[in-house]
Novice: 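Here it is: the structure, laid out below.
Throughout, a chain's letter reflects where its sequence line sits, starting with A, and its residues are numbered from 1. The structure displayed is predicted, hence computed values, not measured ones.
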Protein chains: 2
Amino acid sequence: MSADPALRREIPDATVARLPEYLRTLSRLAEDGVPSVSSEELAAAVGVRSAQLRKDLSHLGSYGVRGVGYDVETLALEISRALGLTEDWPVAIVGMGNLGHALASYSGFVTKGFRIVALFDDDPALVGERVVDIAIRPLAELDDKHAVDPISIGVIATPAQAAQAVCDRLVGAGISSILNFAPAVLSVPAGVDVRRVDLSTELQILAFHAQRKALAAGHLGTAVVS
Amino acid sequence: MSADPALRREIPDATVARLPEYLRTLSRLAEDGVPSVSSEELAAAVGVRSAQLRKDLSHLGSYGVRGVGYDVETLALEISRALGLTEDWPVAIVGMGNLGHALASYSGFVTKGFRIVALFDDDPALVGERVVDIAIRPLAELDDKHAVDPISIGVIATPAQAAQAVCDRLVGAGISSILNFAPAVLSVPAGVDVRRVDLSTELQILAFHAQRKALAAGHLGTAVVS
DNA sequence: TCAACTTTGTGCATGGCTTCACAAACGTCT
DNA sequence: AGACGTTTGTGAAGCCATGCACAAAGTTGA
Ligand SMILES: NC(=O)c1ccc[n+]([C@@H]2O[C@H](COP(=O)([O-])OP(=O)(O)OC[C@H]3O[C@@H](n4cnc5c(N)ncnc54)[C@H](O)[C@@H]3O)[C@@H](O)[C@H]2O)c1
Ligand SMILES: NC(=O)c1ccc[n+]([C@@H]2O[C@H](COP(=O)([O-])OP(=O)(O)OC[C@H]3O[C@@H](n4cnc5c(N)ncnc54)[C@H](O)[C@@H]3O)[C@@H](O)[C@H]2O)c1
């Protein structure tokens, strides 16, 4: 039986990483009432080459019309499906300090299939506080199957030293997708996905390039490499 | 004249992206009093292959000792130098909402050469408020050269719709390294580096893989495609 | 209906990154 | 001093991603 190519075929990681950007731009175009775009236009808006955009989209199936371009709504829907955003993804945040609070109250979170269903923190001073109508609970309640709704994605926003222990708990509760904001490398069993967002790393990469630019300017005078 | 290989040679982007992680792990080892590590040990701690670690480090120069390994302190220093962390990087944050506040009060920021020197927000209700001893100012003051210290790195934490205008202002003020938390693609002139941190993108990538796992388990039973 | 024009989808070449595998280099022990 | 075990640094190979270029496919207009 023929199923959705998006679900059967292998989509390269590099492509998957760009799909959210395509989707965001398409959503904006849809809001503006734009009915269709060419690969050239969409690529320019996203900041990639048109050939790359077409190759990326070809992994999802063949949704363009030659001589015309892509229907904005259709393409947005197909990317949403490929990413799994047509389903509902219940999210839990562990660690309700500065960052946890910002994440919990971030509205952009909810827009696309993601729904915060639980907030955890072990600090007694925080337990019971309500953020966006959800009460903060001690992490121990995660183990009590009757106390929490199903959770698909766990977000770790605790200090680094607590991250591995929190991660183990999440994995123990059957969560196999984790977004980690703590500067720590997490060990997880096979089958569990961890992605890390690290502010310091990003700053350090910027610093590296800034240093290069400064050295190039200083050593080479005005001329910079082509 | 012979200069530091780290500064003269071309270091691949993929390597640069991993150096901060190596550095963080080395710093932890140094704190624990570990004098030296082999590439095998360090790679295991970071979660990469030892061959990759060695190749990455080879781009900085030859700081290992065959039969022994790497001196932790020396290697940490060399990575710091390669990344430019021996210099001081003054940072400004624009947009002091939920995220901006979290970033400004984040202590891990300061640890490695980064120093927050200015906070901007156009909301009159926020202007004047002090966060970690720095007063929030209107963004217009960025143009007044006498009002602000030099800034190397600009962090954008405003809503997406304001991001491009804020970015233009930062670039206009001579800032050529920008960290963007808003879900928007920024246009900048050549020579300006922009890195984006996007929570939604990360969640969507996790959702994609979670969907794959669910489909593999549901549709194919136990057997998964080779 | 048919020709001219536009844009997609993709085979192929190119370049960069990762992994393997091993010689060279170093310390240690006898 | 010399043999032995360990670990680095790196050529070579394989792999993946990117970019080019064009045939195929569709639209538009006469
Ligand atoms: N604040 C930022 O801008 C920022 C930026 C990048 C990364 N981070 C990282 O995000 C993490 C959180 O940062 P923050 O500024 O919110 O820190 P924070 O100290 O304000 O908050 C951490 C919270 O985690 C809770 N916690 C600690 N151990 C716990 C456990 N075992 N179980 C449940 N809760 C636990 C604490 O009670 C606290 O409320 C840190 O790892 C930090 O390095 C923060
Ligand atoms: N809060 C989060 O957890 C989170 C996570 C990921 C991404 N983001 C993104 O980060 C950005 C900020 O998020 P937030 O939750 O802090 O939003 P927020 O609304 O709480 O804060 C935005 C701040 O920017 C200021 N601002 C708006 N326009 C400005 C301008 N032109 N010049 C200077 N200041 C201006 C506003 O006054 C406000 O204080 C948004 O783009 C959001 O999508 C937030």
Side-chain angles (χ1 to χ4, degrees), chain A residues 4-6 8-22 26 29 34-72 74-76 78-79 82 205 208-209 225-226, chain B residues 4-6 8-22 26 29 34-76 78-79 82 205 208-209 226:
Chain A
D4 198 331
R8 298 182 63 80
R9 227 185 284 184
E10 201 68 34
I11 302 180
D13 283 348
T15 294
V16 173
R18 283 186 293 268
L19 290 180
E21 194 57 54
Y22 300 158
L26 285 167
L29 291 175
V34 178
S36 76
V37 275
S38 68
S39 63
E40 206 68 55
E41 294 166 335
L42 184 53
V46 172
V48 300
R49 305 271 173 187
S50 64
Q52 180 162 77
L53 173 62
R54 289 198 299 276
K55 181 148 292 191
D56 282 343
L57 296 182
S58 74
H59 291 291
L60 313 189
S62 191
Y63 298 110
V65 179
R66 290 164 195 236
V68 176
Y70 300 86
D71 180 77
V72 170
T74 304
L75 188 54
E78 290 303 331
I79 294 178
I205 294 171
F208 171 82
H209 290 293
V225 287
S226 61
Chain B
D4 197 329
R8 298 182 63 81
R9 224 184 289 184
E10 201 67 34
I11 303 182
D13 284 348
T15 294
V16 173
R18 282 185 293 267
L19 289 180
E21 193 57 53
Y22 301 158
L26 285 167
L29 291 174
V34 178
S36 75
V37 275
S38 67
S39 62
E40 206 68 55
E41 294 166 335
L42 183 54
V46 171
V48 300
R49 305 272 172 187
S50 64
Q52 180 160 78
L53 173 63
R54 289 199 299 276
K55 180 142 290 192
D56 282 342
L57 296 182
S58 75
H59 292 290
L60 312 189
S62 192
Y63 298 110
V65 179
R66 293 166 192 235
V68 176
Y70 299 87
D71 180 79
V72 169
E73 304 243 358
T74 304
L75 188 54
E78 290 303 332
I79 294 178
I205 294 171
F208 171 82
H209 291 293
S226 64

Novice: To the nearest Å, how far apart are Glu78(B) CD and dG9(D) P?
Specialist: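 Those two atoms, CD and P, are 12 Å apart.
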
Novice: For Ser38(B) and Gly67(A), take the nucleotide of DNA chain D holding the closest heavy atom to each; which residue's nucleotide lies nearer the 5' end?
Specialist: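 Here Ser38(B) is the residue nearer the 5' end.
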
Novice: Between Arg18(A) and Val65(A), name the one whose nearest nucleotide on DNA chain D is closer to the 5' end.
Specialist: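 On the 5' side of the pair lies Arg18(A).
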
Novice: To the nearest 0.5 Å, how far apart are CG in Leu57(A) and CD in Glu78(A)?
Specialist: 10.5 Å

Novice: Round to the nearest Å and state the distance from Arg49(B) atom CZ to dC15(D) atom C1'.
Specialist: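 Taking CZ of Arg49(B) and C1' of dC15(D), I get 14 Å after rounding.
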
Novice: I need the CD-C1' distance between Glu40(B) and dT19(C), as an integer number of Å.
Specialist: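 It works out to 13 Å between those atoms.
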
Novice: Hey, does Asp13(B) have a side-chain heavy atom less than 4.5 Å from the side chain of His209(A)?
Specialist: yes

Novice: Can you give me the closest heavy-atom contact between His59(A) and Glu10(A), atom names plus distance?
Specialist: ND1-O, 4.2 Å

Novice: With distance as the sole criterion, do the side chain of Arg66(B) and the base of dT7(D) form a donor-acceptor contact below 3.5 Å?
Specialist: no

Novice: Considering only side-chain heavy atoms of Tyr70(B), which listed nucleotide, dA21(C), dT8(D), dG9(C), is closest?
Specialist: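 Closest nucleotide to the Tyr70(B) side chain: dT8(D).
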
Novice: Just how far, in rounded Å, is P of dT8(C) from CG of Asp71(A)?
Specialist: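 Answer to the nearest Å: 13 Å.
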
Novice: Expressed in angstrom and rounded to an integer, what is the separation of Lys55(A) atom NZ from dA21(D) atom C1'?
Specialist: 11 Å

Novice: Of all heavy-atom pairs between Ser36(B) and Asp71(B), which one has the smallest distance, and what is that distance?
Specialist: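 Closest approach of Ser36(B) to Asp71(B), heavy atoms only: CB-CA, 4.2 Å.
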
Novice: Considering only heavy atoms from C-beta outward, does the side chain of Arg54(B) approach that of Tyr70(B) to under 4.5 Å?
Specialist: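 Yes, close enough: below the 4.5 Å cut-off.
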
Novice: Between the opening five pairs and the closing five pairs of the helix from dT1(C)-dA30(D) to dT30(C)-dA1(D), how far apart are the helix axes, to 10°?
Specialist: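 That helix has its two terminal axes inclined by roughly 10°.
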
Novice: With a 4.5 Å cut-off on side-chain heavy atoms, are Val48(B) and Leu42(B) touching?
Specialist: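 In short, these two side chains do not touch, never coming nearer than 4.5 Å.
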
Novice: Write down the distance between CG (Leu53(B)) and P (dT10(D)), rounded to a whole number of angstrom.
Specialist: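 Checked: the CG to P distance equals 14 Å.
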
Novice: Checking contacts here: which listed nucleotide (dT18(D), dG9(C), dC20(C)) is nearest the side-chain heavy atoms of Ser62(A)?
Specialist: dG9(C)

Novice: Can you check the Leu60(B) CG to dT8(D) C1' distance for me, whole Å?
Specialist: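 Value for this atom pair: 14 Å.
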
Novice: Whole angstroms only, please: what is the CG-P distance between Leu57(A) and dG9(C)?
Specialist: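 Spelled out: CG on Leu57(A) to P on dG9(C) is 8 Å.
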
Novice: Does any donor-acceptor pair link the side chain of Arg54(A) with the base of dG9(C) at a separation under 3.5 Å?
Specialist: yes

Novice: Output yes when a side-chain donor or acceptor of Glu41(B) lies under 3.5 Å from a complementary backbone atom of Ser38(B), and no otherwise.
Specialist: yes

